[in-house]
Structures are given as structure tokens and as C-alpha cells.
Amino acid sequence: MNVPVKLFQQLKRAFPQGGVARNSSWLLSAELIAKVSRLFTIIALSSQLTSAMFGVVMLALASHEIIRTIMRCGAGTQLVQCAENKLTVFAETAKALQWMLALLLLAVQCGVACIVGILYENAQLTSLILCMGITYLLFPVVSVNVFLLQREGKFKYFSVRNAVCIIAENAAVAALVFSPLELWSVVAGKFVFAALWVCLFYRAPVSQYACKVNFNALSYLVSTSIQLFVSELLKASRQHADLFIASKVFTPETAGLYAFARSAGVGLTQSLSTAFSSALFPFLCKKVRENHSSLLSAKLVLACVVIASAFVIQGVLAPVYIPMFFSDKWALAIPVVSVLCFAAAPFLLFEIQNTAVRALGLYKQESAARLLLLLTTAAVLFGIAPQSPMQLASCMLLSNAVTVLLIFFYQYKPRLNTGDSRFSQL
């Protein structure tokens, strides 16, 4: 029996809850299909662009992704969590809040684009980031619809359309990179994604709400959004810190090599991690609303371990699939890809833990854990002072592993034998 079938059967046995298994299967299946298209996009970019140009593209996308954390810190989490009697007023106010955030995002991205362009002495980088920011003005049209789909667990509907959007974006980038647009193909892809996203989710099968502002609800949503913003900003900063460091410390060609390794390795695994935690979050919120005494069961943790093992397998197989799909100029990135895939395994366990903490509404505790990871990463980078892509990837692996061990020791070990652990609360 082959490895994927074994992993699927272990994952199926690990999930006693049909809802999580069903939602996870839809999200993970859609992500796998979408990431196949992403693989072809990486192949197209890596074949057409020089390593230095590839690094510029990835740096622009990373800057865009960090700023997008503000959009994810809107009313989505609160709409999934809130009680039924608060849903209407929260949904109405959320529509207004998402438009406010979109305008704020556009303004912030303009400022960040200028700063990044000056810092890396690249005017083209500024233009790329600026143009991608315009897409923020489309998402508020359907944001509340998407949040409600997640709340109601309609992940089949969401996953299929999300996959279509991702595939369309990747296809646009892969096609246009061979045109005179070259670097600008990634910007065109963002516009294709945003436009299709609005079209596909505009008539989602959820209740529709007017755009009204209840100032009490707005005050609550803004205050909790600020806490979520801190957590999401720490998360995004840590996820992309290595790329910003590589682009500043290494030569453009070496930084491009590291950016390729991230795209071919951790870029694919992170999407699967996000899909799994996205399916898990509404389920955990429902358990909180129903006052369940335990959120993370042992079998659920086992499921996380099974998925994390897929990342390890990808790292082991990197010497096989990199030469198969990519040209020889990227051969030096193979060991870096492997190490970054290994680093994604403990990071998944870290993310699942924080998903449970967020479901409980413990935003400050989540932020503290993410700050610990960021500080650990900074300490490792400062102590090792990496001089090559391989050393930088090893720093990511070490910081992820150390942080997971620290959190496990603090949260579980002192009370494992008492029956009254924090594990039982999660």
C-alpha cells in the first residue's frame, strides 16, 4: 500500500468527528488541487525569470501577504464565534467594518510599498506592491458571505470556489509570465483572483444582511480585531521574516534561490496547514458555544501529527521532484527545500494549538505564543548569523522545534498526572 493511502486511512481513523473530517477533506482536497496549479506556476516563473527577478516577485508577494493580515483581523473570527442572538447585529456591522478595513489596507500598502522600495533600493518593487493593494477594494463586497459560510460549516461550497479562484490566478500568472508583462503577471493574477472571488461568492447560500453600524457592536468588533491584528501580524511577520532577511543579507541571486526553495517547499505545505486549521476553527468554536469540557482530544492531536508527517515526506522526496519539474539552475535549492519542509511539521502543531486558543477567545495568550516564536527565531538568527540559504533554513527549523517544545513543556507537562491539565481545557 502506498504512502498517501496509508496517510489518508490514518487521518480518517484519527478523526472521530464527522464534521471536522468532512470539512478537512474538502479543504485539503481543494488545496491539493489548487497547489498542483501552483506548482505549474512556480515552474513557469522559475523557467522564465532569473533568480534575482524571482526573488523580487516573492518579496512583493510577501509584503502584500503581511498587509493582508489586517483584512483577516476584521469581523470574521467574531462572526464564527458569536452566539445566535448576536449574529444579526454583528453581521450588519461587519459589512461596514470590512469596507473601513479595505480603505485602511490600501493606505497602509501604499506607505509600505514606498518603504520597502527604498529599503531594498528597487523602484519596481514599490510599483508591484502598490498595484496589488487596489484589489483590497473588491473583497468587502462578499466578505460577510464568506464568514457565514465558515460559520455554518459549508466548506464544500467554499472549498470548490476557493480552488477555482486559486487555479485561475495561477493559470493567469503562468500564462502571462511568458508575455512582456513578466514580473507584472503576479499583479494580474491578483486581480483575476479578486474579481472571480466576488463573482463566485456574491450569491452564496447564506442569510443576507444590510450594511448598518451598531456602535456597541462596532466597538466590540474593533477592540477584538486589534487583539487579533497583533496575533496575525506576529504570525505573518514570522512566516515571511526569513525571506526579508535573505533579500537584505544575501546577493540578489542567492536570495532568489532561497525564495524559490520557500515556494517549492514551505509555500505548498503552509497552504495545507492553513486549510486544516480553517476547517478546525468553526468546529472548535461550536464546541465552545456548546460548553464542551475538552476541545483538543488526543485523536485530534494524532490527526495533526499524521498531517505533519506528510510535510516530512515531502522534504524527503525533494531530491526527487525538484530535478523532475525544475531546471538545473535550481539544483542548489534542493537541500534547502527539504529543511524548510521539515520545519513546517512542528509549525503545524504550533498552529493547531493556537487555533484552539483562539476558539476560546484567548487572543492575548495566542499573541504571547506567537511573540515567543518570533523572539525565539530572532535569538536563533542572532546567535547563528546565517551566511547561506541552508543555514537560514536550519534556523527556521530550530526555532520552530524549540518553540513547540517550550509551549508543550509549559502548558502540559507540569500537570500531565493530575487529570486537571490545561490540555483538558483545550
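Keep in mind that the numbers below use all heavy atoms, side chains included, and drop hydrogens, waters and symmetry copies. Since the model is a prediction, treat every value here as computed from it, not as a measurement.
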- Task: Could I get the full list of salt bridge (charged side-chain N to carboxylate O under 4.0 Å, His left out) partners for E366, not counting sequence neighbours?
- Result: R358, R370
- Task: Check whether any side-chain heavy atom of V116 lies under 4.5 Å from a side-chain heavy atom of L125, and answer yes or no.
- Result: yes
- Describe, in one word, how the ring planes of W197 and F158 are oriented to each other, choosing from parallel (under 30°), tilted (30 to 60°) and perpendicular (over 60°). perpendicular
- In Å, rounded to the nearest 0.5 Å, how long is the span from CG of L372 to OG of S367? 12.5 Å
- Query: Any side-chain heavy-atom pair from Q365 and L360 closer than 4.5 angstrom?
  - Reply: no
- Query: Would you call the rings of Y136 and H64 parallel, tilted or perpendicular, where under 30° means parallel and over 60° means perpendicular?
  - Reply: parallel
- Classify the side-chain pair Y258/D242 by whether it contains a donor and acceptor separated by less than 3.5 Å. yes
- Give a yes or no on whether the backbone of T377 and the side-chain of S399 come within a donor-acceptor separation of less than 3.5 Å. no
- Task: Would you give the length of the straight line joining atom SG of C114 to atom CG of L119, rounded to the nearest 0.5 angstrom?
- Result: 12.5 Å
- Lys NZ or Arg CZ of K95 over Y209 ring: under 6.0 Å, within 45°: no
- Is any side-chain heavy atom of T254 less than 4.5 Å from a side-chain heavy atom of S51? no
- Main-chain N/O of L221 paired to T224 side chain as donor or acceptor, under 3.5 Å: yes
- L392 versus P386, closest heavy-atom pair with distance: N-CB, 3.6 Å
- V230 backbone acceptor or donor facing K235 side chain under 3.5 Å: no
- Message: Using 0.5 Å steps for rounding, measure from the CG atom of L45 to the CG atom of N170.
- Response: 9.0 Å
- Message: Looking at S247 and A255, would you say the former's side chain and the latter's main chain have a donor-acceptor pair under 3.5 Å?
- Response: no
- Message: Tell me the closest heavy-atom pair linking G315 and S338, and the distance in Å.
- Response: O-OG, 2.8 Å
- Message: For the residue pair R38 and F40, would you count it as a cation-pi contact if the rule is NZ or CZ under 6.0 angstrom from the ring centre and within 45 degrees of the ring axis?
- Response: no
- Item | Trace of the side chain to side chain contact (heavy atoms under 4.5 Å, CB included) decision for Y157 with F201 | CA-CA 9 Å; Y157 186 97; F201 287 104; 4.2 Å; yes
- Message: For the CD atom on E121, are there more than 12 heavy atoms of other groups (residues, nucleotides or ligands in this structure) within a distance under 6.0 Å?
- Response: no
- Message: Checking F90 now: which residues fulfil ring pair (Phe, Tyr, Trp, His ring centres under 6.0 Å) with it, not counting sequence neighbours?
- Response: Y220
- Message: Are F347 and F311, when compared by the centres of their aromatic rings, separated by less than 6.0 Å?
- Response: no
- Message: Using side chain to side chain contact (heavy atoms under 4.5 Å, CB included), reason through L137 and L103 one step at a time and then give a plain yes or no.
- Response: CA-CA 7 Å; L137 299 178; L103 294 172; 3.9 Å; yes
- Task: Grab the two heavy atoms, one from N400 and one from A343, that are nearest each other, plus how far apart they are.
- Result: ND2-O, 2.8 Å
- Message: Just verifying a value: how many Å separate R238 CZ and T376 OG1, rounded to the nearest 0.5 Å?
- Response: 9.0 Å
- Using a 4.5 Å cut-off on heavy atoms from C-beta on, say whether the side chain of W184 contacts that of C131. yes
- Task: Taking all non-hydrogen atoms of both residues into account, name the closest pair between L284 and A359 and its distance.
- Result: CB-CB, 3.7 Å
- Can the ring centroids of F54 and W330 be said to lie less than 6.0 angstrom from one another? yes
- Note on the structure: dist S231:OG -> L362:CG (nearest 0.5 Å) comes out at 11.5 Å
- Message: Taking the side chain as everything from C-beta on, heavy atoms only, tell me whether P205 gets closer than 4.5 Å to L149.
- Response: yes
- About how many Å separate CG of L233 and CG of L228, when rounded to the nearest 0.5 Å? 12.0 Å
- Side chain proximity check, V56 to M53, heavy atoms < 4.5 angstrom: no
- Residues two or more places apart in sequence or in another chain: which of them pass ring pair (Phe, Tyr, Trp, His ring centres under 6.0 Å) with F326? F260
- Show your reasoning for whether side chain to side chain contact (heavy atoms under 4.5 Å, CB included) applies to S47 and F178. CA-CA 10 Å; S47 65; F178 294 100; 4.0 Å; yes
- Item | side chain to side chain contact (heavy atoms under 4.5 Å, CB included), paired with R262, selected from H240, M58, M396 | H240
- Closest approach of A204 to N145 (non-hydrogen atoms, all atoms of both residues): CB-CB, 4.1 Å
- Query: Checking side chain to side chain contact (heavy atoms under 4.5 Å, CB included) for the pair L79/Q150: CA distance, chi angles, key distance, verdict?
  - Reply: CA-CA 9 Å; L79 281 183; Q150 295 172 350; over 6 Å; no
- Query: With side chains defined as the heavy atoms from C-beta onward, is the minimum distance between S394 and F342 less than 4.5 Å?
  - Reply: no
- Query: Counting only heavy atoms not in K364, do more than 12 fall under 6.0 Å of its NZ?
  - Reply: no
- So do S225 and L97 actually touch side chain to side chain, heavy atoms under 4.5 Å? yes
- Ignoring hydrogens and geometry, is there a side-chain-to-backbone donor-acceptor pair from Q109 to L105 under 3.5 Å? no
- Minimum heavy-atom distance between L148 and S207, given as atom pair plus value: CD1-O, 3.5 Å
